[in-house]
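Quick notes on the structure that follows.
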Number of protein chains: 2
Amino acid sequence: MQADSALARELRHHYLFSALTEAQQARLLATAVPRRLAAGEQLFSRGDSAGQFFLLRSGCVKLYRLSPDGGEKIMRLIRPAQTFAESVLFMDVPRFPVSGEAVDAAELVAFDRETFLGVLRESFATCRAVMAQMTRRIQSHWDEIETLALENSRYRVVHYLLGLVPRNAQGRIAVTLPARKMVIAAHVAVTPETLSRTLRALSDEGLIEVAGDEVTVCDVEKLRCHMH
Amino acid sequence: MQADSALARELRHHYLFSALTEAQQARLLATAVPRRLAAGEQLFSRGDSAGQFFLLRSGCVKLYRLSPDGGEKIMRLIRPAQTFAESVLFMDVPRFPVSGEAVDAAELVAFDRETFLGVLRESFATCRAVMAQMTRRIQSHWDEIETLALENSRYRVVHYLLGLVPRNAQGRIAVTLPARKMVIAAHVAVTPETLSRTLRALSDEGLIEVAGDEVTVCDVEKLRCHMH
DNA sequence: CGGCGGACTTGATGCCCGTCAAGGCGCCGG
DNA sequence: CCGGCGCCTTGACGGGCATCAAGTCCGCCG
């Protein structure tokens with residue numbers, strides 16, 4: 001790998017690597033393997049045995065599971081500068097718990113599990129960072145579970161929208177949807193049709209305004225209390 | 001605390017403590033606070049700032065969130081010998097992300113956050129144990145999200161039942177429901193009525209047999225492929 | 001430009017499932 | 001023994017949402 005310097009610079013701001021010494025980072029890079037994926041290409045399947053985790057450098061990757069009836073549930077969308085499949089680091093028999101596939105053409109780096117565990121042993125700060133990150137992930141899962149457990153689709157959509165606006169936001173605020181509406185519909189477990197209808201109903205009631213993938217919430221407070 | 005020896009014995013088999021030296025365990029116990037809860041008594045509310053996590057010694061505790069319309073979603077049921085709210089260990093501003101309340105009268109021990117973090121710094125083995133546990137939790141959340149995202153209630157119930165049987169189970173197998181049916185219904189986001197009807201339909205079709213909280217799956221394979 | 005395909009929207013229809021209500025059953029205290 | 005109280009079950013009904021099917025809009029490419 002000779003494009004190391006650019007990669008090393010990217011790593012410096014990543015939670016998994018920022019607390020490591022240069023020497024430790026070098027050890028990781030020595031066993032790192034670059035990889036390219038075409039759009040739609042599969043990276044791994046649920047159940048595959050796993051010896052590495054990944055950093056996405058460009059493009060977009062989805063982690064998903066297939067439901068029995070052929071539908072797919074997207075568990076997470078990976079954006080550039082995010083790592084994923086770190087969970088294989090800590091499993092006794094490391095297997096991927098989800099499938100991973102490139103949405104857009106992607107450029108990524110695979111890090112070796114054992115090498116990283118060796119480095120981790122020497123860096124408590126990185127351990128803490130990992131645990132903090134996992135804590136955040138668990139809480140975002142709780143949010144998602146909370147959304148999915150809501151009885152009707154309107155609540156789920158509103159709950160999802162509220163999850164997009166910053167915690168302390170007030171009044172009027174614009175957000176851009178993080179993915180195509182089809183994908184979002186899958187996230188909140190409704191059909192694209194219902195999502196469309198629900199957004200229309202909300203905008204007819206003057207609660208939001210929709211323009212493409214730009215959604216502006218007219219009054220965050222009102223929308224929040226609209227859930228009650 | 002003079003009932004220490006019994007408590008110390010319980011800790012020895014717990015993932016958070018088993019890798020610690022006697023001295024480290026002693027440090028933890030020195031700042032541990034025993035606590036009793038009556039049935040229905042609240043331990044903490046979502047959003048409360050948190051300086052400790054808990055080990056349940058007897059009874060039953062539920063972690064839950066209230067939905068806007070007053071319904072509650074149980075995120076996790078805590079059984080004796082389990083710790084909970086460990087996530088407060090790793091948050092920058094530690095707050096409880098869910099509410100906690102005793103279902104049955106409960107006996108528990110509160111451990112001090114800072115003390116535990118101090119011990120954790122000295123034990124990489126415990127770090128690994130924590131990360132492994134969090135990994136398992138994340139994956140069980142994925143399972144739950146997968147369940148909740150299933151479109152109809154029959155699939156959700158079957159998926160839940162299949163989650164109860166051991167991974168490699170085959171043929172006929174009996175499981176006992178881990179909670180009252182009302183609670184399970186909440187878990188899979190259906191009403192108790194629908195759960196009841198679904199179980200009846202499944203047993204009418206000869207797929208399962210229900211007797212109280214004992215459910216025997218007549219043929220795991222058939223039930224599994226029944227999802228497809 | 002004009003044809004094509006994919007994403008989104010909108011409409012009509014049917015059915016799943018939530019709601020309400022009435023029973024059956026075990027448990028408890030009187 | 002009875003009466004009361006939860007929990008579970010079963011029934012009837014209505015609404016919400018998935019499904020199917022057009023229709024619109026837009027980007028793409030020949």
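Each chain gets a letter, A, B and so on, in the order its sequence line appears, and its residues count up from 1.
Side-chain to base pairing of Glu193(B) with dC20(C): one donor and one acceptor N or O lie within less than 3.5 Å of each other. Evaluation of atom-type donor-acceptor distances gives a pair under 3.5 Å for the side chain of Arg197(A) against the base of dG11(C).
Using a cutoff of 4.0 Å between basic side-chain nitrogens and carboxylate oxygens, Glu107(B) and Arg57(B) are not scored as salt-bridged. The existence of a salt bridge linking Glu146(B) and Arg46(A) is confirmed by a sub-4.0 Å separation between a basic side-chain nitrogen and an acidic carboxylate oxygen.
Annotation: Phe116(B) is in aromatic contact with Phe53(B) [ring centroid separation under 6.0 Å].
Relative to the side chain of Lys181(A), the nucleotides dC7(D), dC17(D), dC8(C) differ in distance, and dC8(C) lies closest. Here the side chain of Thr191(B) is nearest to one of dC7(D), dT9(C), dG18(C), namely dG18(C).
Taking the nucleotide of DNA chain D with the nearest heavy atom to each of Leu195(B) and Ser153(A), the more 5' of the two is matched to Leu195(B).
Not one side-chain nitrogen or oxygen of Thr194(B) sits closer than 4.0 Å to the OP1 or OP2 atom of dC17(C).
In this structure, Arg200(A) places its CZ atom 13 Å from P of dC25(D), rounding to the nearest Å.
Among the heavy atoms of the strands lying under 4.0 Å from Arg180(A) are primed sugar atoms or P, OP1, OP2 only; no base atom is included.
The closest side-chain donor-acceptor pair between Glu144(B) and Thr147(B), if any, does not fall under 3.5 angstrom.
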